[in-house]
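See below for the structure under consideration.
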Amino acid sequence: MAQTTQQAQSVQRSRTAALLPVVGRAGVEIALIAVLYVGYVVSRTFADTAFAPARGRALDILTFEKSWRIDIESWLNDIFFAHDWIGVASSYWYATTHYFVTLGVLVWLYRRSRPLYVTARRALVLASLIGLSFYLLMPTAPPRLVQYGYHDILSLHSNIGWWSQNGSAPKGMGDITNDLAAFPSLHAGWSLWVAIVLIMAGVPRIVQLIGLAYAFMMSVVIIGTGNHWVVDAVVGWMVVLVAFGLVTAWERGRGSGSHDDEA
């Protein structure tokens, strides 16, 4: 009996020893997410809140789009405004999927392939930092704030959702959102990150196509709701592609041991 108890205690100690590194690693990952969040709050605190320059940059973007005839914001925004079901669905999409889909893919990838997870996480962090630097250096107003007949779709439907009239932040927390953080769009960038991760992970082709459709749909939603310009979405994609390129080149430069420390 005593021997059985000792064996049980030994097994329990082994399980605990095996669990500690996992818990520690999870703590590191949570800390990294917290750093990203703090970075966003800091960008809100120190970013220039002067509206006139931010609106000027937005109008410069609109002028550029008109010269290339890609200024679909007004047309798409009117459709979202005219059909309540589209406006409501897009509001829930905008306020939910950006966070939960990205987090879900991170957790899934962590369990599926640790080396690929490290590469993808590094790319996500780098892309986010690039985006935050733009928000600090050149605040840009979204369509919903520049007038010209654009509608704030999330604000119109905030009475039926958990988001505030200031953006996708929960009610009561709208003041922490950066209303002048339109360029580039991290909503678009993170959604493309999801699609790239699924492709790199070698999932079935249908799942890869769903990932690409998700990225495309996110861009339609952020433009249709009046939160971003077409250029914001395109540059958001470019930021993620550049981040993946830089991370991949850096890891290749370090050689096969690039994932040993999972930094």
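The model shown is predicted, which means the values in this text are computed figures rather than measured ones. Index from 1, following the sequence.
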For [X], what residues pass the side chain to side chain contact (heavy atoms under 4.5 Å, CB included) criterion, not counting sequence neighbours?
X    : value
F100 : T96
Y214 : W93, T97, V101, S191, V194, M218
V220 : L76, F80, F216

Within the side chain of R57, is there an N or O that forms a donor-acceptor pair under 3.5 Å with the backbone of P139?
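Yes; at least one donor-acceptor contact below 3.5 Å.
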Quick one: does [X]'s side chain get under 4.5 Å of [Y]'s, heavy atoms only?
X    : Y    : result
L136 : L132 : no
V221 : M217 : yes
P143 : N77  : no

Below 30° counts as parallel, above 60° as perpendicular, anything between as tilted: where do the rings of [X] and [Y] land?
X    : Y    : answer
Y150 : W229 : perpendicular
Y99  : H187 : perpendicular
F183 : F134 : perpendicular

Return the [atom1] to [atom2] distance between [X] and [Y], rounded to the nearest 0.5 Å.
X    : Y    : atom1 : atom2 : result
L106 : R111 : CG    : CZ    : 14.0 Å
T140 : D60  : OG1   : CG    : 9.0 Å
I222 : I153 : CD1   : CD1   : 14.0 Å
L180 : M138 : CG    : CE    : 12.0 Å

Give a yes/no verdict on a cation-pi contact between R114 and Y110, requiring under 6.0 Å between NZ or CZ and the six-membered ring centre and an angle within 45° of the axis.
yes
